[in-house]
Amino acid sequence: MSSKSTVRVRVAPSPTGDPHVGTAYIGLFNMVFARRNGGQFILRIEDTDQKRSNPESEQAISDYLRWVGIEWDEGPDKGGPKGPYRQSERTAIYTEHATKLLDSGAAYRCFCTPERLTEMRAEQRKAGGNIGYDRRCRDLDPGEAETRMQNGESFTVRMKMPVDGETVFEDALRGTICYPNQQIDDQVLLKSDGFPTYHLANVVDDHLMEITHVFRAEEWIPSTPKHLALYEAFGWEPPVFVHLSLLRNPDRSKISKRKNPVSLEWYREAGFLPQALLNFLALMGWSMQDERECFSCDELVSEFDLNRLKVTEPVFDLQKLEWLNSQWMRLLSPEELATEIRGFMTEERLTKILPLIHERLHRLDGFTELTNYFFAMDVGFPVDDLKIKRWPTKETDGDDPKAPLRALNKALKAILEEIETLPKLEAEDLEQRLRDFCERTGWKTKELFMATRLVATGRAASPPLFETMEILGKARIQYRFRQAIETLRGAIKK
RNA sequence: GCCCCGUUGGUCUAGCGGUUAGGACGCCGGCCUCUCACGCCGGUAUCACGGGUUCGAAUCCCGUACGGGGUACCA
């Protein structure tokens with residue numbers, strides 16, 4: 001990278017779910033690096049997976065990134081000189097570039113079906129050794145490829161990777177990384193739906209958007225050689241790569257929603273201050289020279305040095321986050337604290353809650369008692385209050401006293417899975433889904449709804465379940481379902 | 001299976017050839033105090049293992065073990 005070019009970095013989330021804490025983590029370091037060097041920080045939406053991408057997710061990602069304090073200079077909602085910043089709006093660019101590679105012989109059309117590929121992998125797995133595309137279509141006669149394409153046969157475009165030798169590259173953090181090319185198969189560049197894969201889109205966009213440094217998660221290390229091959233095929237200069245370590249669950253696996261809250265919405269709803277969360281994320285990948293732990297984003301910017309970035313895999317410790325949050329809360333004046341609390345118990349939320357508890361309220365002082373579970377994150381799951389008399393039973397249940405618990409656990413898992421696919425919770429939709437679920441599985445609505453109420457609110461008495469769940473919101477509901485599933489698991493084992 | 005990345009207390013880390021291996025969270029105990037919290041004091045526990053290199057290795061090199069990631073028409 002020539003030293004005179006301005007620093008340009010980006011964070012490139014895929015809008016396929018809840019706003020992820022890992023996106024904020026990577027975004028933070030990109031933003032800090034850009035600010036430190038007087039460069040630009042770009043938000044690019046990688047929505048090339050037509051099946052999973054959705055606009056609600058994109059909106060949530062933007063909103064929550066801003067909430068936590070990450071602001072970009074160019075992006076889909078702000079525009080900028082190198083737009084558009086949404087990959088689904090750039091498909092023509094990718095096909096044009098794929099065609100270039102096809103013409104230069106760096107890529108080829110592949111007519112293998114997904115079924116054949118699955119079968120091939122299964123066989124490779126059985127045989128042991130490398131797993132990867134066997135390059136059947138790589139040396140297809142161009143004329144034949146042409147006719148098959150004309151005949152409407154479905155195809156992908158694959159990269160022609162070198163079959164021997166090795167790819168060596170420098171990671172700004174980890175030093176030299178060396179990859180045997182044999183390990184790298186002929187990556188799909190263009191899917192049969194005409195959309196690019198990450199690999200193509202990412203390289204083309206990074207070049208066109210003049211990205212100079214790529215801070216991304218370490219899970220990308222293995223595909224970096226593919227990207228490098230692409231830069232070479234296009235005759236472009238690659239950016240500097242900085243692979244940051246992945247955030248970890250307590251068991252050290254890659255952070256995931258089943259083992260640790262990952263949605264930024266959860267952190268906001270659990271009452272964390274954005275500046276504390278951001279501070280904590282910084283601590284996950286970086287340490288100050290003087291080991292100061294409580295510092296602002298501005299302080300980070302002014303002291304940031306790439307060489308102090310860490311390579312070890314940090315476990316995301318909620319207890320320490322909570323401590324850090326308490327430190328930040330103390331820094332607030334009483335007035336500021338009041339503002340924060342008003343932002344947490346908003347007028348808007350209050351006006352939604354009030355109609356639900358109105359008739360249940362006998363005195364004003366009953367308010368806190370009747371509504372605390374709308375605000376708290378942890379309410380506990382009172383497993384002993386469960387009184388399940390009928391459940392979808394099997395002969396094998398016999399008189400196993402744990403059978404209802406087992407059945408409920410299974411049901412909760414299934415419902416949670418369904419809830420996770422929803423961008424947001426809406427009462428009517430939820431009710432329909434749960435009724436359908438009962439229909440499908442043989443649960444009595446009465447039984448399952450009560451159990452769900454216990455899960456969602458921690459109580460046997462609450463306002464109408466589905467309206468309550470809607471107000472509680474996805475983050476709380478998901479969290480409480482997971483907690484309940486855990487509690488049940490314990491109760492079943494006992 | 002194959003490839004890559006990593007390894008300082010339970011967790012986050014400082015350390016970049018010579019330190020009684022320091023700090024933070026947590027936990028335990030004490031003090032403060034009408035209680036709790038805060039604060040303060042103290043305690044707990046660590047360089048994964050084996051070979052080198054060196055007068056001297058947590059620090060450098062090589063193995064091993066362990067952990068993680070990748071191996072998709074997902075990103």
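Quantities reported herein were computed from a predicted structural model and do not represent experimental measurements. Sequence lines set the chain letters: A, B, ... in the order given, protein chains first and strands last, and positions in each chain run from 1.
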**Request:** Give one of base, sugar-phosphate or nothing for A/Glu218, where a contact means two heavy atoms less than 4.0 Å apart.
**Result:** sugar-phosphate
**Prompt:** For the salt bridge (Lys or Arg N to Asp or Glu O under 4.0 Å) test, which of A/Arg138, A/Arg158, A/Lys226 pairs with A/Asp186?
**Reply:** A/Arg138
**Prompt:** Hey, does the side-chain of A/Glu313 have a donor or acceptor N/O within less than 3.5 Å of a partner on the base of B/G69?
**Reply:** no
**Asked** Is A/Pro114 touching bases, backbone alone, or none of the nucleic acid, heavy atoms closer than 4.0 Å?
**Response** base
**Fill in**
Side-chain atoms of A/Lys191 come closest, of B/C73, B/C4, B/U13, to B/C73
**Request:** Give a yes/no answer on whether the side chain of A/Thr48 brings an N or O atom under 4.0 Å of OP1 or OP2 in B/A75.
**Result:** yes
**Request:** Classify the nucleic acid contact of A/Ile131 as base, sugar-phosphate or nothing, counting any heavy atom under 4.0 Å across all strands shown.
**Result:** base
**Message:** Any base atoms under 4.0 Å from A/Arg116, or only sugar-phosphate, or nothing? Heavy atoms, all strands.
**Reply:** nothing
**Message:** With a 3.5 Å limit on both atom pairs, tell me what B/G42 is paired to, counting Watson-Crick and G-U wobble, or say none.
**Reply:** B/C28
**Prompt:** With a 4.0 Å cut-off on heavy atoms, is A/Leu190 in touch with a base, just the backbone sugar-phosphate, or nothing at all?
**Reply:** nothing
**Minimum-distance nucleotide to A/Lys51 side chain [options: B/G10, B/C74, B/A75]** = B/C74
**Asked** With a non-hydrogen cut-off below 4.0 angstrom, is A/Ser192 in contact with a base, only sugar-phosphate, or nothing?
**Response** base
**Message:** My understanding is that only one of A/Glu218, A/Glu219, A/Met284 makes a side-chain contact (heavy atoms from CB on, under 4.5 Å) with A/Ser245; could you say which?
**Reply:** A/Glu218
**Heavy-atom donor-acceptor pair, A/Thr156 side-chain to B/C73 base, under 3.5 Å** = no
**Prompt:** So which nucleotide does B/A48 pair with, by the Watson-Crick or G-U wobble rule with both distances under 3.5 Å?
**Reply:** B/U64
**Prompt:** Is the closest side-chain donor-acceptor distance between A/Asn54 and A/Glu56 under 3.5 Å?
**Reply:** yes
**Asked** Should B/G1 form a Watson-Crick or G-U wobble pair with both distances under 3.5 Å, which nucleotide is its partner?
**Response** B/U71
**Message:** Using a 4.0 Å heavy-atom cut-off, does A/Asn130 contact any base of the nucleic acid, only the sugar-phosphate backbone, or nothing at all?
**Reply:** base
**Message:** By the 4.0 Å heavy-atom rule, please label A/Ile184 as base, sugar-phosphate, or nothing.
**Reply:** nothing
**Item:** Under-4.0 Å side-chain N/O to phosphate OP1/OP2 contact, A/Arg252 with B/U11
**Value:** yes
**Prompt:** What is the base-pairing partner of B/G9, counting Watson-Crick and G-U wobble geometry with both distances under 3.5 Å?
**Reply:** none
**Request:** May I ask you to decide whether A/Glu71 forms a salt bridge with A/Lys78, counting only side-chain N to carboxylate O separations under 4.0 Å?
**Result:** yes
**Request:** For the side chain of A/Tyr179, starting at C-beta, report the closest nucleotide among B/C12, B/G23, B/G69.
**Result:** B/G69
**Short side-chain N/O contact to B/U13 OP1/OP2 from A/Lys310, under 4.0 Å** = yes
**Request:** Remember a base hit wins even if backbone is also touched, and classify A/Cys178 as base, sugar-phosphate or nothing at under 4.0 Å, heavy atoms.
**Result:** sugar-phosphate
